[in-house]
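Owing to the predicted nature of the structure, the values given are computational and were not obtained by experimental measurement. Numbers restart at 1 for each chain; the letters A, B, ... are given by sequence-line order, proteins then strands. Atoms considered below: every heavy atom in the structure, side chains included; atoms not considered: hydrogens, waters and symmetry mates.
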Number of protein chains: 2
Amino acid sequence: MTFPVVGMVGGGQLARMTHEAGIPLGISFKLLSDTPQDSAALVVNDVVVGDYRDLATLRAFAKGCDVITFDHEHVPTEHLRALEADGIPVRPGPDALVHAQDKGVMRARLTALGVPCPRHRIVTDPADVARFAAEVGGFPVVLKTVRGGYDGKGVWLVGTPAEAEDAFRAGVPVLGEERVDFRRELAANVVRSPHGQAVAYPVVESRQVAGVCDTVIAPAPELAPGLAASAQETALRIATELGVVGHLAVELFETRDGRVLVNELAMRPHNSGHWTQDGAVTSQFANHLRAVLDLPLGDPRARAPWTVMANVLGGDYPEMYPAYLHCMARDPGLKIHMYGKDVRPGRKVGHVTTYGDDLAEVTERARHAADYLRGLIDE
Amino acid sequence: MTFPVVGMVGGGQLARMTHEAGIPLGISFKLLSDTPQDSAALVVNDVVVGDYRDLATLRAFAKGCDVITFDHEHVPTEHLRALEADGIPVRPGPDALVHAQDKGVMRARLTALGVPCPRHRIVTDPADVARFAAEVGGFPVVLKTVRGGYDGKGVWLVGTPAEAEDAFRAGVPVLGEERVDFRRELAANVVRSPHGQAVAYPVVESRQVAGVCDTVIAPAPELAPGLAASAQETALRIATELGVVGHLAVELFETRDGRVLVNELAMRPHNSGHWTQDGAVTSQFANHLRAVLDLPLGDPRARAPWTVMANVLGGDYPEMYPAYLHCMARDPGLKIHMYGKDVRPGRKVGHVTTYGDDLAEVTERARHAADYLRGLIDE
């Protein structure tokens with residue numbers, strides 16, 4: 001049978017879980033990984049170890065692939081254009097992907113589209129940060145390097161011009177943003193295929209701790225139906241206008257005055273969509289593959305009234321297996337997803353999901369397991 | 001992180017789907033496959049190609065594995081004993097597995113345990129078959145080679161002594177069984193771990209066409225609660241008495257006079273349990289891995305009122321991808337599981353599952369997809 005070959009650049013847990021989703025699809029999955037020990041490289045059969053920043057490596061990897069897609073957004077735009085010029089479908093393509101790579105480009109484009117965003121502009125030095133703060137109602141303000149940040153890295157909350165100095169050290173352009181008085185963070189996950197079919201997952205609440213996603217609740221509790229629909233429409237519109245192919249995560253602020261503002265975009269399976277593996281008819285990983293192959297998309301609906309995902313972060317104890325066994329014994333319905341990574345304090349090494357009818361109970365089960373695996377609790 | 005290494009002997013679709021289930025568990029999965037093109041070898045990273053009938057190959061494969069388990073039941077018993085003598089945990093162990101390898105041993109043991117079976121005895125030649133037929137009420141009777149049969153192979157329904165001659169040609173002992181007047185076939189799937197924990201999946205109805213599993217309905221419709229409980233108890237008792245570790249499928253006849261008789265045993269994930277991938281909280285593959293690792297078992301309960309699994313058999317047309325695309329477009333909730341195998345007429349190349357509240361609708365969706373993929377219908 002000649003089913004297609006998907007090449008994924010990047011060997012992290014997103015690629016690992018995409019391979020898992022690709023097995024029942026019957027496709028062939030090829031991986032370009034930095035090392036043979038990367039999370040996905042431990043489970044994928046067809047692995048090329050190499051540097052995604054090197055065009056010759058990318059070109060050799062792409063040979064024999066029907067489509068190239070990504071576990072991360074770090075492949076240089078000019079390399080993606082070169083692959084396209086070689087005739088390799090790159091999904092999402094460079095013109096879309098740049099909006100997930102460069103926060104300055106993203107903010108400019110969304111503003112031009114009339115999508116509500118925090119007030120923002122490029123700032124040039126600490127004195128300019130002070131001027132920007134004055135424009136948006138005063139300190140504190142948020143500074144972000146336009147490229148290279150993730151999980152709280154490359155982001156600063158600054159209260160004075162002096163505190164702004166760090167953000168300029170890397171020599172990367174810096175975007176200033178008003179500090180949004182948000183009630184909570186939401187995420188609208190959508191998937192779009194090349195011929196324009198799109199599906200929207202239920203809008204979720206995403207709780208961050210120290211800039212890292214901690215817990216995701218699907219659907220977002222007590223979200224006004226109008227706001228939920230508006231968030232989904234915004235995400236679908238962004239996917240269409242930017243020509244996104246594959247999974248698009250739109251991270252949102254729900255403000256205390258009842259608005260929804262776009263915080264970040266990610267064009268790949270996303271932590272806020274991990275709940276779909278156990279909680280939706282079709283997971284984000286399966287739908288990402290279906291989208292990049294231009295296959296019809298799968299049903300994005302939830303299977304249970306509530307699904308909660310909690311990230312498992314490494315604690316002080318490197319050996320997680322005894323805690324993992326304990327969690328299985330305590331909760332036979334717990335779904336554990338380990339990434340095969342060595343435990344380091346604060347590192348994402350897995351996630352758990354729970355689902356059911358009672359939100360408080362479902363949340364307690366997920367939080368307990370994640371906290372137990374990290375070593376924060378011992379009972 | 002030092003999570004354990006599971007070695008699976010046999011590269012078929014059961015190993016493929018066990019690897020899929022092992023990825024979220026964070027374990028390492030090692031495969032002994034006949035060829036690099038076997039279904040599982042196409043997706044597993046750590047593959048040894050070799051002959052499972054060769055003890056030296058098995059020993060080399062087992063080195064570095066924490067436990068050895070199986071995709072099929074064909075490994076010679078003496079080789080399993082040799083691995084155990086080397087200190088390698090073999091699960092299920094040879095003393096249990098022989099009951100899934102040798103139908104004569106199985107019948108003798110189940111009868112000794114008082115488990116209801118069709119009337120049976122070893123028959124020695126066509127004349128003895130005639131005597132056996134007379135003992136059980138006349139022809140037709142069923143003949144089975146005690147070893148080596150599967151999917152209707154090694155099984156004969158014979159109406160005369162002359163028709164019995166084929167069964168004796170292979171020189172393997174032949175078991176005679178009464179032909180049971182059954183209403184339908186059921187399967188009771190259970191999983192047992194070394195320290196004795198066990199779970200029972202809902203009893204399913206299994207429909208065969210030409211000796212090959214065609215459709216599985218979970219739970220078995222209109223099954224009397226007493227019979228369902230009795231079937232589960234029988235399966236759990238067999239697992240305990242035989243010391244099974246891992247998944248045990250007990251194939252059953254429901255007779256027209258309201259009894260349940262054991263037909264066959266399989267000690268590995270089984271076609272009658274494929275519905276659990278999409279239809280149960282914990283799949284048979286995940287629970288098989290948890291069992292062989294002596295981890296606490298996962299919840300076996302169904303997630304939907306009805307789940308239907310239909311096998312996808314190869315048809316006359318070797319290229320299934322266009323039909324696969326069509327099925328995805330027709331039914332966004334369809335779950336397709338392809339095995340990566342070349343299409344040959346009648347060969348199992350995948351399965352589909354559907355689930356929902358309405359049995360007729362769920363069944364129609366699964367049957368339509370399986371028939372369309374096979375090329376039996378074109379609309």
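- Within residues 11-25 of chain A, the residues having any heavy atom under 4.5 Å from a heavy atom of chain B are, by residue number, R16(A), H19(A), E20(A), I23(A), P24(A), L25(A).
- Of all the listed residues (L295(B), V199(B), D299(B)), the one sharing the greatest number of non-hydrogen pairs under 4.5 Å with chain A is L295(B).
- Within the 4.5 angstrom heavy-atom criterion, atoms from both the backbone and the side chain of V281(A) approach chain B.
- For the set D278(B), L334(B), L297(B), the count of heavy-atom pairs under 4.5 angstrom toward chain A peaks at D278(B).
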(request) Apply side-chain contact (heavy atoms from CB on, under 4.5 Å) to V352(B) and V312(B), showing your working. (result) CA-CA 7 Å; V352(B) 294; V312(B) 176; 4.0 Å; yes
(request) Take H195(A) and D294(A), measure what side chain to side chain donor-acceptor pair (under 3.5 Å) needs, and give me the verdict at the end. (result) CA-CA 7 Å; H195(A) 79 274; D294(A) 208 7; 2.8 Å; yes
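- In summary, of the residues considered (Q277(A), H337(A), K335(A), H274(A)), a side-chain contact (heavy atoms from CB on, under 4.5 Å) with M309(A) occurs for H274(A) alone.
- Neither the backbone nor the side chain of F29(A) comes within less than 4.5 Å of any heavy atom of chain B.
- The structure places CG of L248(B) at 11.0 Å from NE2 of H288(B), a figure rounded to the nearest 0.5 Å.
- No other option in Q197(A), H351(A), R301(A), M328(A) has as many heavy-atom pairs under 4.5 Å with chain B as M328(A).
- Taking the charged nitrogens against the carboxylate oxygens, R367(A) and E361(A) have no contact shorter than 4.0 Å, which rules out a salt bridge.
- Each of P4(A), P300(A), A304(A), A286(A) has some count of heavy-atom pairs under 4.5 Å with chain B, and the biggest count is that of P4(A).
- Residues S193(A) and R290(A) bring no donor and acceptor atom of their side chains to less than 3.5 Å of each other.
- Ring pair H326(B)/Y372(B) is parallel by interplanar angle, where below 30° counts as parallel and above 60° as perpendicular.
- Ranked by non-hydrogen atom pairs under 4.5 Å with chain A, the options P332(B), G26(B), G333(B) are led by P332(B).
- For L325(A), the parts sitting under 4.5 Å from any heavy atom of chain B are the backbone and the side chain alike.
- Neither side chain, D331(A) nor T354(A), offers a donor N or O lying under 3.5 Å from an acceptor on the other.
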(request) For side-chain contact (heavy atoms from CB on, under 4.5 Å), just list the numbers for Y201(B) and N287(B), CA-CA rounded to whole Å, side-chain angles, deciding distance to a tenth of an Å, and then say yes or no. (result) CA-CA 11 Å; Y201(B) 285 98; N287(B) 260 340; 3.1 Å; yes
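- Between atom CE of residue M338(A) and atom OG of residue S39(A) there is a gap of 10.0 Å, rounded to the nearest 0.5 Å.
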